[in-house]
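Shown next, in structure tokens, is the structure this report addresses.
None of these values were measured; they are calculated from a predicted model.
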Amino acid sequence: MPAAPIDPGRCPLCGADNRCAMEIQRETGEPQPPCWCVDATFSPDLFKRISEAARGQACICAACAAQALRAAREAAG
């Protein structure tokens with residue numbers, strides 16, 4: 001059975017709306033301000049959690065990025 005297509009508007013980790021400004025602009029044709037992710041920090045371990053099929057296809061949401069950053073800080077703590 002083929003895998004379901006990747007939705008670029010959904011986080012590949014939790015499935016929530018990722019609020020990707022680039023995807024919103026692509027869908028609507030309306031210019032968007034810079035995406036929230038421009039100022040976000042993403043750990044390499046977070047990217048490792050994304051399936052091979054979804055890598056480079058959809059953005060991680062702010063909640064997953066923040067949760068991973070908190071976990072990394074606590075582990076380093």
All N/O donor-acceptor pairs, side-chain side in residues 57-77, below 3.5 Å, sequence neighbours left out:
none

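Note that the CZ atom of Arg19 and the CZ atom of Arg10 stand 10.0 Å from one another [nearest 0.5 Å]. Note that the CE atom of Met22 and the CD atom of Glu27 stand 13.0 Å from one another [nearest 0.5 Å]. Atom-to-atom distance recorded for Ile50:CD1 and Arg55:CZ is 7.0 Å, nearest 0.5 angstrom. The line from SG of Cys37 to CG of Asn18 is 9.0 Å long, rounded to the nearest 0.5 Å.
Two residues are said to be in side-chain contact when any heavy atoms from C-beta on lie closer than 4.5 Å; Trp36 and Cys20 fail this criterion.
Under a 3.5 Å cut-off, the side chain of Glu30 and the backbone N or O of Gln25 do not form any donor-acceptor pair.
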